Q: 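Sending over a structure as structure tokens; questions will come in a sec.
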Amino acid sequence: MEFEFSAEQQQLKDQVRRFLADRCDRNAVRAVLEGEQPFDRPLWRAMGELGYLGASIPEAYGGLGAGYLEVCVIAEELGRAVAPVPFGSSIALAAEFLLMAGTEAQKQKHLPRVASGESIGTLALVEGSGRVTPASITASVARAGESASLSGRKTAVADGDIADFAVVAARDPSVASSGASSGAPSISLFLVDLQQAGVKRSPLATIDPTRSHAQLDFEHADAQPLGEPGAGLSIIEKVFDRAAILTAFEQLGGADRALEMARDYALERFAFGRPIGSLQAIKHMLADMYVSATLARSNCYYGAWALSTDAPELPAAAATARVSATQAYQHCSRNNIQVHGGMGFTWQFDCHLYYRRSNLLAVSLGPLSGWEDRLVERLRDQRAA
């Protein structure tokens, strides 16, 4: 398989990089990190006006209808800039849930506002530590005709303090469990307006304040069914395959930028009368960073091809991209600090911005160990087929 982004997509990449250099420099990122605003609202609105948020959303729903490859290059540039915006929550997750499982009325209502940046969506899934299973989900709904009432708690909801709506996974007692033999509850998805009185938000502190999180408590909140009843976890797995590739490109952009920062500092910083980049230990460290970032790029490109063509290899490609990009970003951001030496640990240098984001993205779609297990399972399935 040979794959490369087109000239038009490369031009879009350059355009987004120039835009972010102008609107999202380090001062803008630090203004969110050190201030009281949970994200850069003017930047988000500008992205909506330029069509960046609606690149993969069909024109019928207010988007550009360009495709996933365009979203990949946008995500990569956002990663390079450590942009403090809810791109992953609203575009890679919420919009994808609507596109995959939403009714026509739900798409018409939410997607145009998501594409313009007027509305922000998120996913409320996790309730505690460990992997998400049917048994780990305790939030539940009571159905009454076409409506439902949601009660329960979701924690570590990315951008939960700023989102306008959430896709919520909850137990659905009205649906017969597909795992009756094991007693596993049936899980369905619901769209919930987070502005209503039945929702309480409690901001949470995380390693990266430029990407806010919150705990959401629901008490008889109005909820609208999303997708086939009882198919919640199946839909989540499919959406996560798409989101994993888009997130991998964001991680790739961050890893590349961390490598560039380390290289530039190694060439500029002198010790014992010569650049530290001429020292063997630094050379090897930079070489290892380059190898991990290059491997991640290869796997991300494979994932982009699979996503854009809806290839049968998509599940395995998504897991591969997720694992390699997570490893590369964490490796490069950590070693970037080491190359900078004592200065790398200071607040004034930007190394910690990438280290924070790398660790946050590493768990944004579930732990790395879970994706490694999924990769093994999916490769085994491919071989058996």
Side-chain angles (χ1 to χ4, degrees), residues 44-45 47-71 74 86-125 139 141-150 157 159 163-172 174-176 178 186-196 198-199 218 221-243 245-246 307-311 314:
W44 186 249
R45 289 174 177 168
M47 291 176 62
E49 292 171 359
L50 291 172
Y52 296 157
L53 304 182
S56 62
I57 296 176
E59 293 182 78
Y61 305 120
L64 295 182
Y68 286 111
L69 294 182
E70 285 71 15
V71 186
I74 293 171
F87 188 83
S89 301
S90 196
I91 305 304
L93 286 172
E96 290 301 318
F97 275 107
L98 286 165
L99 288 170
M100 178 174 291
T103 64
E104 184 64 22
Q106 289 170 337
K107 293 176 184 178
Q108 291 286 356
K109 177 181 178 180
H110 293 285
L111 286 176
R113 292 175 57 81
V114 170
S116 67
E118 297 177 51
S119 181
I120 296 172
T122 189
L123 169 67
L125 174 63
V141 296
R143 288 181 181 260
E146 294 298 320
S147 62
S149 174
L150 171 68
V157 179
D159 303 299
D164 299 287
F165 70 92
V167 176
V168 184
R171 293 189 179 194
D172 194 351
S174 65
V175 180
S178 58
S186 181
I187 305 299
S188 299
L189 297 180
F190 300 87
L191 277 177
V192 181
D193 179 1
L194 298 182
Q195 309 289 344
Q196 62 180 293
V199 180
F218 303 97
D222 293 336
Q224 188 177 54
L226 177 70
E228 182 181 349
L233 294 184
S234 174
I235 297 171
I236 288 172
E237 184 173 3
K238 294 176 181 178
V239 171
F240 268 29
D241 283 342
R242 301 182 184 184
I245 294 171
L246 300 179
L307 178 60
S308 63
T309 59
D310 196 22
L314 176 58

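No experiment lies behind these values; they were computed from the predicted model shown.
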Q: Nearest heavy-atom pair of Ile235 and Gly227: which atoms, and what distance?
A: CD1-CA, 4.2 Å
Q: Measuring only between side-chain heavy atoms, which start at C-beta, is Val167 closer than 4.5 Å to Leu226?
A: yes
Q: For Ala163 versus Gly121, what's the shortest heavy-atom pair and its separation?
A: CB-C, 4.3 Å
Q: How close do Pro225 and Ala223 get, heavy atom to heavy atom, and via which atoms?
A: CD-O, 3.9 Å
Q: Taking all heavy atoms of Ala92 and all of Val239, pick out the closest pair and write down the distance.
A: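 Heavy-atom minimum between the residues: O-CG1, 4.3 Å.
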Q: Among all residues two or more places apart in sequence or in another chain, which pass the salt bridge (charged side-chain N to carboxylate O under 4.0 Å, His left out) test with Asp241?
A: Arg374, Arg378
Q: Residues in side chain to side chain donor-acceptor pair (under 3.5 Å) with Ser174, at least two apart?
A: Arg143, Asp172
Q: At what distance, to the nearest 0.5 angstrom, does CE of Met100 lie from NZ of Lys107?
A: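 If I round to the nearest 0.5 Å, the distance is 10.0 Å.
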Q: Is it true that atom CD of Glu228 has more than 12 heavy atoms of other residues, nucleotides or ligands lying nearer than 6.0 Å?
A: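 No.
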Q: Would you say the side-chain atoms of Ser116 pair up with the backbone N or O of Arg113, donor to acceptor, closer than 3.5 Å?
A: yes
Q: Rounded to the nearest 0.5 Å, what separates atom CE in Met47 from atom CD1 in Ile74?
A: 7.0 Å
Q: If you take all heavy atoms of Gly230 and Ser188, which pair is closest and at what distance?
A: N-OG, 2.7 Å
Q: How far apart are the C-alpha atoms of Val114 and Ile91, what are their side-chain angles, what is the distance that settles it, and do they pass the side-chain contact (heavy atoms from CB on, under 4.5 Å) test?
A: CA-CA 8 Å; Val114 170; Ile91 305 304; 3.7 Å; yes
Q: Rounded to the nearest 0.5 Å, what's the gap from CG on Asp310 to OH on Tyr68? Could you check?
A: 8.5 Å
Q: Supply the atom-to-atom distance Asp222 CG to Ser149 OG, rounded to the nearest 0.5 angstrom.
A: 7.0 Å
Q: Would you say Leu189 and Phe97 make side-chain contact, with heavy atoms under 4.5 Å?
A: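 When only atoms from C-beta onward are counted, Phe97 and Leu189 do touch, with a gap below 4.5 Å.
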Q: Could you give me the CA-CA distance, side-chain angles and deciding distance for Leu307 and Arg242, then say whether side-chain contact (heavy atoms from CB on, under 4.5 Å) is met?
A: CA-CA 7 Å; Leu307 178 60; Arg242 301 182 184 184; 3.8 Å; yes
Q: Should Gln106 and Leu191 count as side-chain neighbours, where that means a heavy-atom distance under 4.5 Å?
A: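 In contact.
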Q: Angle class for the Phe165/His110 ring planes (parallel below 30°, perpendicular above 60°, tilted otherwise)?
A: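 Aromatic pair Phe165/His110 classed tilted.
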Q: Show me the donor-acceptor pairs, under 3.5 Å and distance only, between side chains in residues 49-66 and residues at least two apart or in other chains.
A:
unit_1 : atom_1 : unit_2 : atom_2 : d
Tyr52  : OH     : Gln15  : OE1    : 3.2
Tyr61  : OH     : Glu104 : OE1    : 2.7
Tyr61  : OH     : Glu104 : OE2    : 3.2

Q: Start with the C-alpha gap between Phe240 and Ile245, add the side-chain angles, then the distance that decides, and say whether side-chain contact (heavy atoms from CB on, under 4.5 Å) holds.
A: CA-CA 9 Å; Phe240 268 29; Ile245 294 171; over 6 Å; no
Q: Strictly distance-based, threshold 3.5 Å: is any side-chain N or O of Gln196 a donor or acceptor partner for the main-chain N or O of Asp193?
A: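 Such a contact is found between Gln196 side chain and Asp193 backbone.
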Q: Under 3.5 Å, side chain of Glu96 to main-chain N/O of Ala243, donor-acceptor pair present?
A: no
Q: How many angstroms lie between atom CG of Leu98 and atom CG of Leu93, to the nearest 0.5 angstrom?
A: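 Rounded to the nearest 0.5 Å, the CG-CG separation comes out at 11.0 Å.
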Q: Which pair of heavy atoms, one from Ala221 and one from Val199, lies closest together, and at what distance?
A: CB-CG2, 4.1 Å
Q: Is there a side-chain contact between Leu150 and Val168 in this structure, where contact means two heavy atoms from C-beta onward sitting under 4.5 Å apart?
A: yes
Q: Mind checking the OG-CG spacing from Ser119 to Asp164? Nearest 0.5 Å is all I need.
A: 4.0 Å
Q: Would you check if Ile236 and Leu125 make a side-chain contact, meaning some heavy-atom pair closer than 4.5 Å?
A: yes
